[in-house]
*Asks:* 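Here it is, the structure in full.
Each chain gets a letter, A, B and so on, in the order the sequences are listed, and its residues count up from 1.
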Amino acid sequence: MTVDISVLIGGEAGQGIQTIGLLMARTCHRAGLYVMVINDFESRIRGGHSFIQLRISDRPVHGPTRKLHMVVALDERTYGLHQPELTEGGLVLISKDHADTMAQHHRYKMVDFGGVAKKAGSSILANTVAAGTSLALLGAPFDLFENILKSTFNQVEEKRLAQNIQAAQYGYTAAEDETFKWSWPWAVTSPKGRLVDGAQAVAFGALAGDCRFSAFYPMSPATGIIQHLVDMAQTVPLVIEQAEDEIAAVNMVIGAAFAGVRAMTATSGGGFSLMSEGLGLAAITETPIVIVNAQRPGPATGLPTRTAQADLQFVIHASQDEFPRFVFAPGTPFEAFSVTARAFELSERFQVPAIILMDQYLNDSLFVAEESFEAPETVTSYTAADDLENPVGYRRYAFTDSGISPRALPCKGPALVKVCSDEHDEEGHITEDADTRDAMVAKRFAKVAAMRKEIRPPEVIHAGSDILLVSWGSMRGAMEEAVNQLRADDINCGGVHVVDLWPFPDTALSEILEKVTQFFVVEQNQSAQLGQLIRQQTGCQYTDAVLKYNGRPMSAGEITDAIKTKLR
Amino acid sequence: MTVDISVLIGGEAGQGIQTIGLLMARTCHRAGLYVMVINDFESRIRGGHSFIQLRISDRPVHGPTRKLHMVVALDERTYGLHQPELTEGGLVLISKDHADTMAQHHRYKMVDFGGVAKKAGSSILANTVAAGTSLALLGAPFDLFENILKSTFNQVEEKRLAQNIQAAQYGYTAAEDETFKWSWPWAVTSPKGRLVDGAQAVAFGALAGDCRFSAFYPMSPATGIIQHLVDMAQTVPLVIEQAEDEIAAVNMVIGAAFAGVRAMTATSGGGFSLMSEGLGLAAITETPIVIVNAQRPGPATGLPTRTAQADLQFVIHASQDEFPRFVFAPGTPFEAFSVTARAFELSERFQVPAIILMDQYLNDSLFVAEESFEAPETVTSYTAADDLENPVGYRRYAFTDSGISPRALPCKGPALVKVCSDEHDEEGHITEDADTRDAMVAKRFAKVAAMRKEIRPPEVIHAGSDILLVSWGSMRGAMEEAVNQLRADDINCGGVHVVDLWPFPDTALSEILEKVTQFFVVEQNQSAQLGQLIRQQTGCQYTDAVLKYNGRPMSAGEITDAIKTKLR
Amino acid sequence: MLSTNDYHSDYPNHWCPGCGNFGILDAMKSALAGLGLSPEKILIVSGIGQAAKTPHFLQCNCFHSLHGRALPIATGAKIANHHMTVLVSTGDGDCYGEGGNHFMHAIRRNIDVTVLAHNNGVYGLTKGQASPTSMEGMQTKMQPGGVIVGAFNPLAVALSLGAGFVARGFSGEGDQLSNLIQAGIRHRGFALIDILQPCVSFNRVNTHKWYKDRVVPIEENHNETDLIAALRLALGTDDRIPTGIYHRMESPSYTDRIDKLKDKPLTDHRYRPELLKALLND
Amino acid sequence: MLSTNDYHSDYPNHWCPGCGNFGILDAMKSALAGLGLSPEKILIVSGIGQAAKTPHFLQCNCFHSLHGRALPIATGAKIANHHMTVLVSTGDGDCYGEGGNHFMHAIRRNIDVTVLAHNNGVYGLTKGQASPTSMEGMQTKMQPGGVIVGAFNPLAVALSLGAGFVARGFSGEGDQLSNLIQAGIRHRGFALIDILQPCVSFNRVNTHKWYKDRVVPIEENHNETDLIAALRLALGTDDRIPTGIYHRMESPSYTDRIDKLKDKPLTDHRYRPELLKALLND
Ligand SMILES: Cc1ncc(C[n+]2csc(CCOP(=O)(O)OP(=O)(O)O)c2C)c(N)n1
Ligand SMILES: Cc1ncc(C[n+]2csc(CCOP(=O)(O)OP(=O)(O)O)c2C)c(N)n1
Ligand code: SF4
Ligand code: SF4
Ligand SMILES: [Mg+2]
Ligand SMILES: [Mg+2]
């Protein structure tokens with residue numbers, strides 16, 4: 001039997017739906033299942049309507065689904081809104097008696113989560129009760145859940161843990177007289193990899209890239225990355241400073257990088273706008289920095305807690321004039337981890353800024369990552385502090401064939417390091433000379449050839465198909481699932497996933513795209529930005545685009561429906 | 001006989017080379033000649049080396065030239081640097097006796113400008129002396145120059161005017177024993193149009209667009225625009241505020257526009273970077289604003305007083321997420337005037353931001369504009385303050401077919417106006433609703449179809465040629481001159497000049513470009529940004545690109561040389 | 001006669017139950033009613049944050065702008081039409097963090113707007129990071145070792161910049177706050193009212209009770225025109241937090257200093273081609 | 001022994017003859033020599049402007065950054081390697097205009113950098129627009145009717161923000177200025193030295209003579225630890241401009257407060273995979 005169950009848990013902000021989701025996800029993960037948790041939160045602290053989608057499967061899952069098998073409604077609104085989305089035979093778990101106001105075409109089960117929780121010791125245990133009832137209905141063994149509670153609450157006083165276990169028990173009991181159509185016999189195996197969200201994966205990647213300093217200004221959905229860094233900073237030589245604004249943040253990062261530590265900042269589009277000028281400063285001074293832009297819908301404040309992929313063209317072109325930069329957009333937590341570590345390494349090696357495009361969906365969603373997150377044994381330093389032969393004649397911007405000049409650090413040796421945001425000569429002094437300007441532009445762009453070699457080609461699944469779906473960043477999971485669905489429906493379809501976006505992998509993509517009769521870009525923006533870039537850089541014109549930009553992540557089902565319509 | 005003479009006047013910053021150039025330019029202009037003055041200044045107030053190029057012709061001239069017939073050297077360095085550039089037979093006028101240090105392959109004439117000036121009353125008259133000697137050598141009648149002095153110094157005390165005339169006289173006398181090979185008999189006719197720089201043309205255009213408010217933060221080369229506005233603001237209802245930074249500037253402009261006046265700001269790339277977030281605010285609140293980005297070379301501070309065309313892709317994509325905007329890049333002062341006025345009108349009509357790309361070369365250079373700058377008799381207002389039928393039900397973002405909602409003004413009537421940088425509903429309140437989001441994105445983009453109709457197609461010269469040169473913005477003059485030179489050399493070549501850049505004139509350009517065998521983009525940047533856009537938007541691939549990015553304006557000669565090499 | 005109901009907005013409130021913002025909202029309504037300012041005469045500009053959502057919860061003209069940018073928006077709007085009554089609803093992060101530079105320079109301009117800074121010592125909307133006014137040592141998820149930088153003192157800074165109206169209110173003292181807001185609006189020029197406000201979700205230090213135990217009305221004999229006395233109050237080192245008007249002294253506001261705004265607002269001028277023609281023929 | 005010659009830079013100077021910046025440059029060299037700080041121990045960070053060109057004209061490590069951004073750059077650099085002596089050369093526009101927000105928050109952080117604010121009351125490099133410190137009424141090409149907003153008082157603002165070292169110098173008093181710079185560098189924490197400087201090209205009001213007629217050394221009996229006394233001096237309403245140290249009081253600087261910087265600078269830590277492995281296996 002194949003398990004692919006989706007549970008929606010909804011209620012007001014502040015009711016703790018995230019706790020329920022997390023407990024359930026951990027339980028499934030521990031059982032060796034694949035699981036995802038996807039947030040749908042409003043930009044408020046209490047009230048309103050928020051929900052999470054929990055997808056549980058015995059096969060890898062990497063994207064949201066439209067199928068809904070169970071709704072856990074902590075309030076009436078959740079019932080009203082989501083009950084209609086339930087698959088035939090689905091079940092609603094509701095926390096109170098709203099029978100009068102409810103339509104009857106779906107089965108529901110009432111559990112007085114709050115009341116039961118009080119019996120166990122406190123009404124705040126209601127979430128544990130709800131998780132218990134839900135898990136029981138899914139067929140999860142109780143001791144599995146108990147173990148999860150033990151590891152989750154291992155820091156709290158024993159009494160609270162005991163109460164939680166009690167609440168879980170009551171939750172299980174409450175499920176006894178109910179059956180869930182898709183309940184399955186849980187064969188507990190060892191966990192498949194790591195349960196991780198994109199934000200944490202970036203933070204891990206930063207440490208694997210030897211990040212020592214981070215400055216930031218809080219902005220959803222980027223804050224999670226910094227929060228993870230803060231949580232981990234207790235044990236590693238990493239200083240994190242909350243700046244007064246994003247301009248300060250990026251400039252602090254540049255200052256720290258200049259002085260010799262690897263440094264990053266994370267923000268969302270609004271903050272990235274404010275950092276544009278600093279990006280150019282990093283470029284002209286050839287200071288390595290990493291900027292994460294966790295995308296959300298705009299323009300301006302837009303939808304602060306939701307997802308988008310609409311800043312691609314912006315980050316490629318941001319800041320006045322032109323300069324080489326790296327742009328990456330990971331598609332999974334593991335890619336986020338490894339791309340972040342690479343971004344630090346490449347940024348330092350080439351002395352150029354690197355930008356990582358995340359988004360709210362990838363940042364905030366929990367995934368099971370099967371790849372192992374390895375700490376590298378060593379981290380290469382590309383600075384030239386110790387082995388300068390002629391410190392007096394040191395020139396920070398000495399012309400070289402590669403365009404990369406030896407980078408000494410200030411106050412770390414006898415060489416004086418001078419950097420300058422004006423166009424400068426080899427020594428780092430302001431220049432007005434036309435030839436020097438030409439040479440410095442050429443020097444900076446000389447790096448591109450070698451940078452291109454570091455760009456990994458897009459990954460292709462089902463190469464040789466007639467039709468290709470092409471996506472980037474966090475669309476990977478849904479796109480690949482859609483490809484498989486389409487193939488199951490006898491459509492000869494493959495997929496292309498682009499992570500390394502700039503310098504643009506034009507040759508690799510041309511080779512792939514020139515072979516097919518049709519290709520469709522799949523993106524979370526309005527204007528098919530990758531599609532436009534492909535046309536600009538390769539001359540290949542996409543057949544059509546599957547686009548979504550209302551802030552909710554696109555599911556495989558939406559893609560397959562759209563493709564089928566377009567193919568018709 | 002055809003006149004096309006180029007005079008270089010060089011010296012240290014602060015020595016007044018600009019005064020010499022201006023006096024000479026006015027004299028030529030008054031005589032009915034065509035003239036240009038192009039600056040080459042360093043970013044400093046005193047010292048260093050700066051120069052201007054004065055191009056004088058009896059036929060229209062719109063760009064720099066590499067030919068040099070006379071050098072007026074206020075210091076030795078000017079002689080050393082520019083004497084080698086002189087055309088065979090050219091003359092150097094030098095202010096002091098540096099005979100020993102000078103190479104002898106060019107003729108030079110020493111005039112003790114300072115000493116002569118003292119004789120006329122004060123050493124500060126040296127510039128008048130130098131202008132006098134130069135004009136005398138060119139053959140300009142003295143009374144013409146005298147009249148220019150009278151109108152230039154009509155505000156100063158009589159004594160100073162008399163001294164200036166005396167100094168001019170001495171300057172003329174000093175030229176008596178010298179001849180200039182290209183001297184010509186001046187047939188004084190009436191002036192051909194207006195002597196104007198791009199900055200002033202933008203300021204005129206702003207007034208013709210009924211600009212009432214401007215906020216700015218000083219930044220070369222944009223400051224000239226604001227300076228002209230300030231100079232004109234004495235008599236018109238226009239308030240100008242120097243903001244604490246560019247972020248404040250753009251937001252003040254948005255606030256003022258929201259409250260009901262047309263408003264603009266002007267900056268250069270660094271300031272534009274900082275304004276990116278504000279640009280998005282204008283977009284999502286649908287507040288009409290005009291931003292001028294007077295481009296200079298970057299990245300970052302770059303070459304503050306020099307020219308570039310490297311922000312095109314940036315301004316098209318600036319700010320998070322996507323929204324419609326206008327982008328224009330005028331090629332001449334008259335285009336700057338009319339485009340600016342249009343930008344105000346279109347921005348208000350469509351309730352979208354409009355960006356005007358100027359650059360240092362167009363902003364600071366003096367041109368003879370033959371077209372007449374007309375003040376429109378009326379300026380249409382598109383606000384809906386007076387005729388709202390149902391003020392209580394007023395919705396700032398009411399859905400309409402055109403995407404344009406009636407725009408009432410705050411505190412101007414009973415309707416309450418609510419705007420919001422979050423995604424919002426028709427009333428202007430924050431929304432989290434997915435359908436409303438979709439509808440609002442669609443509403444904003446619904447405007448594009450009508451916006452496209454306002455986009456004027458590129459201008460073509462010598463349509464039907466085999467080869468086309470394609471340029472945008474301030475490259476117009478040099479590109480067209482190059483086309484004519486190439487045609488004179490029997491190359492069947494035409495030119496395309498793009499002013500209205502966004503929404504991109506894709507259909508018009510495809511039609512033009514698909515007809516030719518080869519086309520070359522001519523741009524002042526490193527990566528052929530227009531070329532890239534053309535490929536992205538039309539699929540047409542440019543044959544090659546003529547690019548320059550060292551901050552100095554490209555001349556027709558450079559273009560023809562490059563094209564000939566590429567055609568070989 | 002206007003009543004507080006005239007400012008009622010149907011738009012559902014977003015704040016947490018028990019939040020100090022409700023007290024501020026009520027005081028605003030009562031102040032506006034007290035001054036007889038009808039909704040269509042008022043423009044409320046805000047940045048981004050919980051505080052900045054305020055204008056949605058009232059009847060008024062509203063510009064809910066960008067994080068940190070309320071003051072330049074308000075400045076531009078006021079210059080365009082100085083007949084509007086312009087209020088700024090802003091948070092401590094909005095006004096003193098992201099918007100710190102505008103705060104200083106708006107004061108220098110003495111632009112005639114009334115700033116209500118909802119000071120809850122925390123970034124509420126982004127879930128509880130320290131703000132510029134967070135007390136040293138305050139622990140948050142993002143500052144687990146406690147805040148290590150000094151708290152921003154908005155009143156002292158405003159005073160040192162020459163602000164003409166500087167006051168402190170408390171969301172738990174509605175009547176006083178309403179009076180302060182009225183006085184601030186009546187003041188011709190820049191008026192700062194820094195309003196202490198508990199954030200029940202994220203600020204566990206400065207609770208309602210914590211404030212209640214400390215706020216004291218400024219003594220009657222305080223001389224509002226004595227800048228040094230005001231600074232002493234603002235810099236006061238004991239536990240008490242004086243509320244009321246620290247300093248009040250009028251001088252011509254920005255728009256009062258611009259001759260061409262004497263007759264009528266910029267918005268009311270007509271386009272006059274003859275003026276431009278004169279310039280073009282110059 | 002180091003002499004001022006050891007700081008000589010061959011790079012040609014860009015300033016106008018007679019500019020007050022030369023006096024500041026000389027005082028810097030003499031202060032650095034006086035402290036025996038060799039060029040390779042010093043990092044000078046600057047923004048953009050005439051003042052900000054200073055580090056090119058000295059031997060030192062130099063980060064000539066963006067307009068307004070010297071302080072965040074300096075902050076990041078100091079955190080990365082707090083063994084460096086970090087100076088900031090900045091202008092009144094750079095530091096109090098574009099960089100105003102960073103100015104305030106760097107003070108709150110008490111980051112150990114010494115700020116030399118070349119205060120010429122004008123935007124020099126961009127040719128003479130008013131700056132935040134331009135006096136009311138000062139006419140410029142861009143402000144032909146005179147400046148209509150109040151001048152920014154950097155000393156009062158710094159004091160109200162709790163700055164630990166606040167001083168005023170004058171480019172025409174080299175010895176005093178050199179001493180102030182030495183004291184500023186010795187001060188552990190944020191040090192502001194606002195340096196009055198004539199701009200011979202654009203500021204026709206505050207000339208060398210104008211300053212000469214007004215600057216007076218702070219009286220001997222001034223108590224450097226008395227904040228209110230310092231504020232009185234800074235806000236002083238008569239014509240005199242006191243020079244010297246207004247306020248001095250040490251408290252732990254930003255980097256002193258971070259435990260992991262106790263042993264060695266961040267730059268000197270090694271990458272240790274075992275720490276990361278522990279986290280990854282958590
Ligand atoms: C440029 C930018 N940076 C960051 C944010 C994210 N952000 C939204 S509200 C907020 C802080 C709110 O704090 P405060 O102003 O004190 O208001 P409160 O929510 O506490 O009332 C931040 C940082 C943003 N919207 N824009
Ligand atoms: C973002 C940005 N805005 C504007 C400028 C232009 N700019 C360069 S220097 C300067 C002002 C300089 O004034 P100040 O800081 O007082 O230094 P001074 O030249 O007077 O020493 C300005 C506005 C810039 N380089 N970058
Ligand atoms: S988070 Fe704090 S400030 Fe925001 S609404 Fe809730 S209690 Fe109020
Ligand atoms: S413009 Fe003024 S500040 Fe700049 S160098 Fe010249 S005199 Fe000095
Ligand atoms: Mg707050
Ligand atoms: Mg200055």
*Asks:* Which bit of C:Leu125 is near chain A, if near means a heavy-atom gap under 4.5 Å: side chain, backbone, both or neither?
*Replies:* both
*Asks:* What part of C:Tyr96 is in contact with chain A, defined as an atom under 4.5 angstrom from a non-hydrogen atom: side chain, backbone, both or neither?
*Replies:* neither
*Asks:* With rounding to the nearest 0.5 angstrom, report the CZ to CE distance, A:Phe216 to C:Met142.
*Replies:* 4.0 Å
*Asks:* So which residue, A:Asp231, A:Thr301, A:Ile240, ends up with the most heavy-atom pairs under 4.5 Å with chain C?
*Replies:* A:Thr301
*Asks:* Take a 6.0 Å sphere around NZ of C:Lys141 and say whether it holds more than 12 heavy atoms from other residues, nucleotides or ligands.
*Replies:* no
*Asks:* Using non-hydrogen atoms only, which part of C:His67 is less than 4.5 Å away from chain A: side chain, backbone, both, or neither?
*Replies:* side chain
*Asks:* Do side-chain atoms of A:Glu244 reach the backbone of C:Gly100 as a donor and acceptor pair under 3.5 angstrom?
*Replies:* no
*Asks:* Mind checking the CD-OG spacing from C:Gln50 to A:Ser43? Nearest 0.5 Å is all I need.
*Replies:* 7.5 Å
*Asks:* Roughly how far, to the nearest 0.5 Å, is the CD atom of A:Gln242 from the CD1 atom of C:Ile148?
*Replies:* 11.5 Å
*Asks:* Does a side-chain heavy-atom distance below 4.5 Å link A:Arg44 with C:Lys53?
*Replies:* yes
*Asks:* Quick check: do A:Arg46 and C:Cys19 have side-chain heavy atoms less than 4.5 Å from each other?
*Replies:* no
*Asks:* Just verifying a value: how many Å separate C:Cys199 SG and A:Ile45 CD1, rounded to the nearest 0.5 Å?
*Replies:* 8.0 Å
*Asks:* Quick check for you: among A:Ile247, A:Thr305, A:Asp245, A:Thr223, which has the greatest number of heavy-atom pairs under 4.5 Å with chain C?
*Replies:* A:Asp245
*Asks:* Heavy atoms only: give me the nearest C:Gly93-A:Tyr217 pair and the separation to one decimal.
*Replies:* O-OH, 3.7 Å
*Asks:* Where does A:Glu12 contact chain C at under 4.5 Å (heavy atoms): side chain, backbone, both or neither?
*Replies:* neither
*Asks:* Measure the spacing between CD of C:Gln129 and CE of A:Met219 and express it to the nearest 0.5 Å.
*Replies:* 12.5 Å
